[in-house]
Enquirer: 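Pasting a structure below so you can have a look.
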Amino acid sequence: MLSDILDGKCFKLVCGAGNEDAAEVEKLVALYYAAGCRFFDVSAKPEIVDAAKRALKGREAYICVSVGIKGDPHVNKARIDYEKCVGCGKCDEICPQGAIKYHKVKTIRCIGCGRCAKVCSKGAVSYISQEVDLREVLPPLIEKGIDCIELHAMNDNDAETMEKWAYINKVFNGMLSICTARGKLSDEKMISQIKEMIAERKPMTTIIQADGFPMSGGRDDYKTTLQAVATAELVQNENLPVYIMLSGGTNSKTAELAQLCWINYHGIAVGTFARKLVKKYIERSDFLTNEKVFNEAAGVAKSLVYRV
Ligand code: SF4
Ligand code: SF4
């Protein structure tokens with residue numbers, strides 16, 4: 001059961017809520033499974049869940065699908081306005097997903113991290129929030145067999161959050177995860193929203209994914225992971241019957257910093273940094289068939305998984 005690995009300290013690989021590149025997801029899941037990871041967070045699309053299952057080959061591991069409410073960055077996709085774009089290429093250079101090539105956005109790879117808009121001095125990048133109807137999206141995924149549903153609730157639209165949360169609770173009987181951060185919510189608001197969301201749930205059936213700065217990982221230093229630890233501490237201080245998972249700027253320093261700060265976390269979810277660490281291997285077309293390359297990459301991934 002998923003709760004078994006959460007009762008130890010587990011590593012969750014975040015393939016990206018917005019990452020709809022099935023070939024990449026298959027490679028990432030195969031690689032991080034070989035490195036010891038047993039919990040995988042993927043986009044809520046049938047073809048992506050299929051890709052993860054293909055990589056797992058029936059071996060025991062847990063799949064979480066991520067859905068978001070409108071406005072949450074995890075469900076944003078970048079768009080370039082060519083009336084304003086001067087083709088400088090800065091967005092291309094900064095994109096951690098390789099989602100921009102020759103000033104064009106490959107939407108299936110975009111995770112909505114926001115880096116491209118930050119570097120664009122022409123204001124040419126905007127974001128479209130991908131709205132999904134959970135009533136259409138979730139039933140086929142539940143049918144396929146998933147272990148957890150995560151709702152990205154980084155928005156102060158309480159009505160939408162609670163409406164989507166109520167529906168997820170109605171149709172899915174397993175572990176749920178609330179991915180939340182302080183960016184758009186005050187500390188008090190974040191905690192009161194969590195309390196409201198877990199009020200009707202059985203103890204220890206909910207993960208609170210404390211998202212420091214969403215999708216900010218990439219650098220392997222203490223500063224980058226500080227907000228994930230600080231957000232987890234806020235949740236821990238409430239003594240709620242939930243599992244606490246750190247995310248948002250997580251890297252190989254997260255576990256050490258969390259332990260120094262006396263955070264009794266149940267897991268660490270790593271996305272951007274975990275993907276960056278193995279990027280040069282994953283990009284190879286022979287990655288899944290070249291045993292030498294795969295094993296070398298697994299060694300690199302293992303060095304991160306075992307830091308948790
Ligand atoms: S950074 Fe802005 S101006 Fe430069 S290529 Fe990207 S969208 Fe165009
Ligand atoms: S930088 Fe981030 S938001 Fe921009 S295209 Fe790349 S993944 Fe998408």
Side-chain angles (χ1 to χ4, degrees), residues 12-29 32 40-45 47-48 51 65-132 150 152-155 179 181 183-184 209 211-220 224-225 227-228 247-251 269-283:
K12 180 169 83 162
L13 176 72
V14 181
C15 294
N19 185 358
E20 295 158 1
D21 185 335
E24 189 194 57
V25 169
E26 184 175 352
K27 290 177 184 176
L28 283 168
V29 172
Y32 272 88
F40 298 92
D41 190 330
V42 300
S43 177
K45 297 257 173 177
E47 64 274 24
I48 300 300
V65 296
S66 277
V67 292
I69 62 170
K70 192 178 177 193
D72 186 288
H74 295 90
V75 294
N76 281 348
K77 295 284 183 183
R79 182 175 59 177
I80 293 174
D81 178 349
Y82 294 105
E83 297 283 311
K84 295 179 182 170
C85 173
V86 294
C88 68
K90 285 184 188 156
C91 54
D92 187 336
E93 280 166 34
I94 199 87
C95 177
Q97 279 295 104
I100 306 181
K101 287 277 173 283
Y102 308 114
H103 333 311
K104 289 201 168 47
V105 180
K106 195 174 180 190
T107 307
I108 61 163
R109 294 192 54 78
C110 176
I111 56 168
C113 71
R115 285 173 173 80
C116 48
K118 277 194 192 131
V119 296
C120 180
S121 58
K122 301 298 171 190
V125 182
S126 59
Y127 294 96
I128 308 169
S129 189
Q130 280 206 321
E131 279 207 77
V132 291
E150 180 167 289
H152 291 264
M154 262 165 255
N155 194 315
C179 182
K184 286 192 179 171
Q209 187 154 302
D211 214 358
F213 280 135
M215 298 172 285
S216 66
R219 291 171 56 175
D220 200 22
T224 301
T225 204
Q227 284 306 314
S247 70
T250 41
N251 54 32
V270 191
T272 306
F273 183 73
R275 299 193 297 269
K276 183 181 170 189
L277 200 59
V278 297
K279 192 167 184 270
K280 73 170 183 181
Y281 302 104
I282 292 283
E283 282 174 348

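In each ligand, atom 1 is the first atom listed, and ligand 1 is the first ligand listed.
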Enquirer: Only heavy atoms of G114, strictly under 4.0 Å: list the atoms of ligand 2 that pass.
Expert: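 Selected atoms, number and element: 2 (Fe), 3 (S).
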Enquirer: Go through ligand 2 atom by atom and flag the ones less than 4.0 Å from a non-hydrogen atom of Y127.
Expert: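 Those of ligand 2 that fall under 4.0 Å from Y127 are 3 (S).
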Enquirer: Would you mind reporting whether R115 and P96 have side-chain heavy atoms less than 4.5 Å apart?
Expert: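 They are in contact (side-chain heavy atoms under 4.5 Å apart), so the answer is yes.
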Enquirer: Below a 4.0 angstrom heavy-atom separation, can you tell me which part of I100, side chain or backbone, both or neither, approaches ligand 2?
Expert: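 The answer is the side chain.
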Enquirer: Is there an N/O/S atom in C116 at a distance below 2.8 Å from atom 2 (Fe) of ligand 1?
Expert: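 C116 does not place any N, O or S atom closer than 2.8 Å to atom 2 (Fe) of ligand 1.
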Enquirer: Counting from 1, what ligand 2 atoms have a heavy atom of G112 closer than 4.0 Å?
Expert: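 Going through ligand 2 atom by atom, the ones under 4.0 Å from G112 are 3 (S), 8 (Fe).
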Enquirer: Measure the spacing between CG of L28 and SG of C15 and express it to the nearest 0.5 Å.
Expert: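 It is 5.0 Å, given to the nearest 0.5 Å.
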Enquirer: Has C120 got an N, O or S atom lying less than 2.8 Å from atom 6 (Fe) of ligand 1?
Expert: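 Checking C120: none of its N, O or S atoms is under 2.8 Å.
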Enquirer: Which atoms of ligand 2 have any heavy atom of I111 under 4.0 Å away?
Expert: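 Here the atoms of ligand 2 in question are 7 (S), 8 (Fe).
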Enquirer: What protein heavy atom lies closest to atom 3 (S) of ligand 1? Include the residue and the distance to one decimal.
Expert: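 Looking at atom 3 (S) of ligand 1, the protein heavy atom closest to it is V86 N, 3.4 Å.
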Enquirer: Do D92 and K101 have side-chain heavy atoms sitting under 4.5 Å apart?
Expert: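 Heavy-atom side-chain distance check passes, below 4.5 Å.
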Enquirer: Which residue supplies the protein heavy atom nearest to atom 8 (Fe) of ligand 2, what is that atom called, and how far is it?
Expert: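 The closest one turns out to be C110 SG, 2.4 Å.
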Enquirer: Restricting to N/O/S atoms, is C85 within less than 2.8 Å of atom 4 (Fe) of ligand 1 or not?
Expert: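 C85 does not place any N, O or S atom closer than 2.8 Å to atom 4 (Fe) of ligand 1.
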Enquirer: To the closest 0.5 Å, what do you measure between OH (Y127) and SG (C113)?
Expert: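 Atom-to-atom, Y127:OH and C113:SG are 6.0 Å apart.
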Enquirer: Quick one, E24 and N19 - any side-chain contact, counting heavy atoms below 4.5 Å?
Expert: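 They are in contact (side-chain heavy atoms under 4.5 Å apart), so the answer is yes.
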Enquirer: Check whether any side-chain heavy atom of V278 sits under 4.5 Å from a side-chain heavy atom of Y32, and report yes or no.
Expert: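 They are in side-chain contact.
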Enquirer: Identify the closest protein heavy atom to atom 2 (Fe) of ligand 2: which residue and atom is it, and at what distance?
Expert: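 The answer is C113 SG, 2.3 Å.
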Enquirer: Does even one non-hydrogen atom of I94 get within less than 4.0 Å of ligand 2?
Expert: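 The answer is no, since I94 has no heavy atom less than 4.0 Å from ligand 2.
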Enquirer: Any idea which protein heavy atom is nearest atom 6 (Fe) of ligand 2, and the distance to it?
Expert: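 The protein heavy atom lying closest is C95 SG, 2.3 Å.
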Enquirer: Are V119 and E93 side-chain neighbours, meaning at least one heavy-atom pair lies under 4.5 Å?
Expert: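 When only atoms from C-beta onward are counted, E93 and V119 do not touch, as no gap falls below 4.5 Å.
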Enquirer: Mind checking whether R275 and Q97 have side chains closer than 4.5 Å, heavy atoms only?
Expert: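 Heavy-atom side-chain distance check passes, below 4.5 Å.
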Enquirer: Identify the heavy atoms of G212 and A181 that sit nearest to each other, and give their distance.
Expert: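 Closest approach of G212 to A181, heavy atoms only: O-CB, 4.1 Å.
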